[in-house]
2 protein chains.
Amino acid sequence: MSAPRRAGRRRGNSGTREAILAAARRRFAELGYDRTTMRGLALEAGVDAALVSHFYGSKRRLFTIAVDLPFEPTEVLRHLLAGPRDTVGDRLARFLLHILETDEDRQRITGLIRAAVADEGVARRVRDTVTRELLLPLAEGMSVPDAPLRAALVWSQIVGLVTVGHTVVSELLAGRSPEILIGAIGPVFQHCLTAPLQRSGPYG
Amino acid sequence: MSAPRRAGRRRGNSGTREAILAAARRRFAELGYDRTTMRGLALEAGVDAALVSHFYGSKRRLFTIAVDLPFEPTEVLRHLLAGPRDTVGDRLARFLLHILETDEDRQRITGLIRAAVADEGVARRVRDTVTRELLLPLAEGMSVPDAPLRAALVWSQIVGLVTVGHTVVSELLAGRSPEILIGAIGPVFQHCLTAPLQRSGPYG
């Protein structure tokens with residue numbers, strides 16, 4: 001697909017495409033999927049709305065391209081499975097917080113997950129991808145029963161943290177060590193991934 | 001505020017108001033805050049859109065009235081604080097799942113939390129209410145440090161479970177005991193509410 005040549009445009013095609021993608025990432029993250037309009041993000045990118053459609057087609061298609069996973073699942077999976085099984089929750093918590101503390105990555109994953117909460121179709125696609133490529137192989141690597149259920153529970157934790165938890169918790173931590181957050185979240189992931197799920201405590 | 005009298009209207013004012021509220025709850029839960037329109041829910045309730053505005057003003061105001069907490073925080077708090085401290089996570093998990101398994105309650109809390117994820121203003125109001133009336137007093141009742149941080153972590157778990165976790169996990173559990181879910185979630189709440197948050201494990 002080649003872009004139309006326009007008089008007075010200072011950026012080349014690839015610069016324009018990149019500007020549109022960057023604007024899309026910011027707006028999907030800040031406004032969510034529903035409120036992001038092709039017109040609004042064209043304005044933010046400083047291009048014609050027609051050019052956005054020309055390059056990327058529909059809003060849903062642009063979303064798919066702009067807001068992909070901000071990491072390479074295979075590499076992350078290898079890293080998470082590399083250490084001892086009883087510290088996998090800690091590694092997963094560190095990995096997630098690392099993403100949330102990097103501006104562009106945070107925009108991507110926040111856009112992805114806010115869109116998933118708003119739109120059933122997007123939700124299924126995002127969950128399927130993350131589950132298939134990362135969470136299910138991770139849970140299966142633990143050699144305990146109920147891998148699909150564990151993957152779903154971890155996904156639920158991640159959605160909560162990305163959509164509301166991280167902002168609130170960061171405010172509350174203001175100035176204190178982020179290790180507190182790792183210490184709070186790591187064991188939660190660990191529990192979901194490796195603990196016996198059937199209750200066996202003294203209370204019932 | 002009194003409703004205009006209209007020829008041919010079969011329901012009284014209170015019936016009409018109730019029909020609007022019920023339609024609003026269903027639509028906010030199913031479509032989220034952004035996609036719910038006054039016109040759409042008037043159609044569903046079988047009334048004029050003008051009547052919805054007349055009774056409830058803006059969409060935001062209708063949201064506030066229709067989608068309130070599906071429980072009485074004071075009573076829930078008393079119940080949660082009544083038993084032993086080391087089983088509070090189990091009680092909270094049971095309470096949440098009970099809400100999610102009751103149709104109208106699930107619609108209310110799902111609508112509330114999906115709207116909170118989509119809209120920053122709604123998010124702050126919902127979180128402030130739930131935190132002030134339930135989660136913060138609950139965390140304070142545990143007599144451990146960092147009550148506000150713990151309340152935020154529990155809120156994060158609840159958002160993840162209500163927005164995506166419960167549906168997925170219920171599908172995966174199909175036909176198996178819901179006790180598995182209590183066993184998976186209870187210890188997560190317990191950890192957030194009472195465990196030491198600073199990491200002190202053997203790994204760094």
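No hydrogens, no waters, no symmetry mates; every other heavy atom, side chains included, goes into these values. Reminder, nothing fancy here: chain letters follow the sequence lines and each chain counts from 1. Small disclaimer: the values here were computed from a predicted structure and weren't measured.
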Student: Indicate yes or no: at least one non-hydrogen side-chain atom of A:Leu153 is less than 4.5 angstrom from one of B:Leu181.
Tutor: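 Side-chain contact under 4.5 Å: yes.
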Student: Side chain, backbone, both or neither: which part of A:Ile158 has a non-hydrogen atom closer than 4.5 Å to chain B?
Tutor: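 Neither part; nothing is under 4.5 Å.
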Student: If we only count heavy atoms from C-beta on, is the A:Val159 to B:Val159 side-chain gap below 4.5 Å?
Tutor: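 Not in contact.
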Student: Select one option (side chain, backbone, both, neither) describing which atoms of B:Ile113 are under 4.5 Å from chain A's heavy atoms.
Tutor: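 Looking at B:Ile113, nothing touches chain A.
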Student: If you draw a 6.0 Å radius around CZ in A:Arg39, do more than 12 non-hydrogen atoms from other residues or ligands fall strictly inside?
Tutor: no
Student: Do B:Leu149 and A:Ile180 come close enough that some side-chain heavy atom pair is under 4.5 Å?
Tutor: yes
Student: Specify which of A:Asp146, A:Ile185, A:Val162 makes the most heavy-atom pairs with chain B at under 4.5 Å.
Tutor: A:Asp146
Student: Under a 4.5 Å heavy-atom cut-off, does chain B meet the side chain of A:Arg127, its backbone, both or neither?
Tutor: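 Contact with chain B involves the side chain of A:Arg127 alone.
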Student: Before you tell me yes or no, could you show the steps for B:Gln157 and A:Leu161 under side chain to side chain contact (heavy atoms under 4.5 Å, CB included), namely the whole-Å CA-CA distance, both residues' side-chain angles and the distance that decides it to 0.1 Å?
Tutor: CA-CA 7 Å; B:Gln157 311 294 334; A:Leu161 279 166; 5.9 Å; no
Student: To check you understand the geometry: which heavy-atom pair defines the closest contact between B:Ala184 and A:His191, and what is its length?
Tutor: O-NE2, 3.0 Å
